[in-house]
Number of protein chains: 2
Amino acid sequence: MNDRFAKTPSPHYYAVIFSNQLSDDDTGYAEMGARMFELAMEHPGCLGAETTRDKSGFGITVSYWDDEASIADWKANAKHLAAQAMGIERWYAHYELRVARIERAYSGPKGRSAG
Amino acid sequence: MNDRFAKTPSPHYYAVIFSNQLSDDDTGYAEMGARMFELAMEHPGCLGAETTRDKSGFGITVSYWDDEASIADWKANAKHLAAQAMGIERWYAHYELRVARIERAYSGPKGRSAG
C-alpha cells in the first residue's frame, strides 16, 4: 500500500470531504497546500488524509479525524485561518465541504499489495 | 458552480468515499469508469458524485446516496459487479472504501461563482 492512503482505525471516526475547483490564479497555492497538509497531520485528532487533483484543477481532499471537536479546533487554527482567507479570496473558484461520520470501511484488492 | 460538483440536499445523507491507486495496467479503465459513473447517476437513491485523479493514477471518487440501502443495492448491481471484478483483478493496485453519514455541509466562496 503506498503512502497516498490514510491509515485509519476501525470506525467510527470522522471525515472532512473537501471538493474544490482552483481558480485561474493559483499562485502560491501548491506551497500553501503542502504546508497546510503537513500542519493538519500534526494536529491533535488528525488520523490522516488523502488528496488528489486533476490537470483541470479539480481536487478532492479527504481528511480523517477522531471527532468533531478536533475538526473544529483545526478549522480555528491561526495559520489555517490565514490559508482559508487566501483560499476564499483568491485560490478557490468554488468548493463544497462536507463533514461526515465514517460508519464502515474496507480495503482491497485482497491479497495484493500496491506499488 | 461547474458541473464537477454534486448538488446534494441538506444533511443527513450518505457518502461512499472511494480512494484508489490504478495499477500499471489500466487498459479499458477510462471507458468502464465513465460508464459506471453514468449508471450510478441513474441508480435509485444516488444524489450525485465527485471524482478526480492525478497523473500518477491516484483517484478519489465520492458518491452521495439517500441511504445505506441504496448503496447496498448499487454494490449488487449486475453491471457494477462485473466492473468491480475487473477492478479487483486488473485495474486497482490498492483501494480504500469508506461509507459515511454526512452530518453537515457548506459551500463557498460566498458571493463568487465558479467557471
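No experiment lies behind these values; they were computed from the predicted model shown. By convention in this document, chain letters (A, B, ...) are assigned in the order of the sequence lines, proteins followed by strands, and residues within each chain are numbered from 1. Keep in mind that the numbers below use all heavy atoms, side chains included, and drop hydrogens, waters and symmetry copies.
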Non-hydrogen atoms of chain B under 4.5 Å away: do they reach the side chain of [X], the backbone, both or neither?
X     : answer
A/S56 : side chain
A/R53 : backbone
A/I17 : side chain

Are B/V16 and A/Y106 joined in one hydrophobic group, where the rule is that I, L, V, M, F, W and Y side chains link up if heavy atoms are under 4.5 Å apart?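 Linked within one cluster.
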
Report the option among B/R101, B/H12, B/K55 that has the most heavy-atom pairs separated by less than 4.5 Å from atoms of chain A.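 Heavy-atom pairs under 4.5 Å are most numerous for B/R101.
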
Does a donor on one side chain sit under 3.5 Å from an acceptor on the other, for A/T8 and B/R98?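 Distance-only check passes for A/T8 and B/R98.
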
On a heavy-atom basis, which atom in B/A93 and which in A/P109 lie closest, and how many Å separate them?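 Here B/A93 and A/P109 meet closest at O-CD, 3.6 Å.
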
For the residue pair A/I60 and B/V62, what are the closest heavy atoms and their distance?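 Looking at all heavy atoms of both residues, the closest pair is CG2-CG2, 4.3 Å.
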
For the side chain of A/T52 and the backbone of B/F58, is there at least one donor-acceptor N/O pair under 3.5 Å apart?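 Pair found, side chain donor or acceptor close to backbone of B/F58.
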
Which residues from residues 64-71 of chain A are near chain B, with near meaning under 4.5 Å between non-hydrogen atoms?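 Under the 4.5 Å heavy-atom cut-off, A/Y64, A/E68, A/I71 qualify.
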
State, yes or no, whether a side-chain contact exists between A/D54 and B/R4 at a heavy-atom distance under 4.5 Å.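 They are in contact (side-chain heavy atoms under 4.5 Å apart), so the answer is yes.
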
Taking the side chain as every heavy atom from C-beta outward, state whether B/V99 and A/I102 have any atom pair closer than 4.5 Å.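 No; the side chains remain at least 4.5 Å from each other.
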
Pick from A/Y13, A/F18, A/Y14: which one has the most heavy-atom pairs with chain B under 4.5 Å?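 Most pairs with chain B among the choices: A/Y13.
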
Which portion of B/D24 sits near chain A, non-hydrogen atoms under 4.5 angstrom: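 Interface part for B/D24: neither.
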
How would you list, by chain and number, every residue that makes a side chain to side chain contact (heavy atoms under 4.5 Å, CB included) with B/M86, sequence neighbours excluded?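 Partners of B/M86 by the side chain to side chain contact (heavy atoms under 4.5 Å, CB included) criterion, ordered by chain and then number, come out as B/R90, B/W91.
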
Stepwise ring-ring contact (aromatic ring centres under 6.0 Å, His included) test for A/F5 and B/Y95: CA-CA 8 Å; A/F5 294 96; B/Y95 63 78; 8.8 Å; no

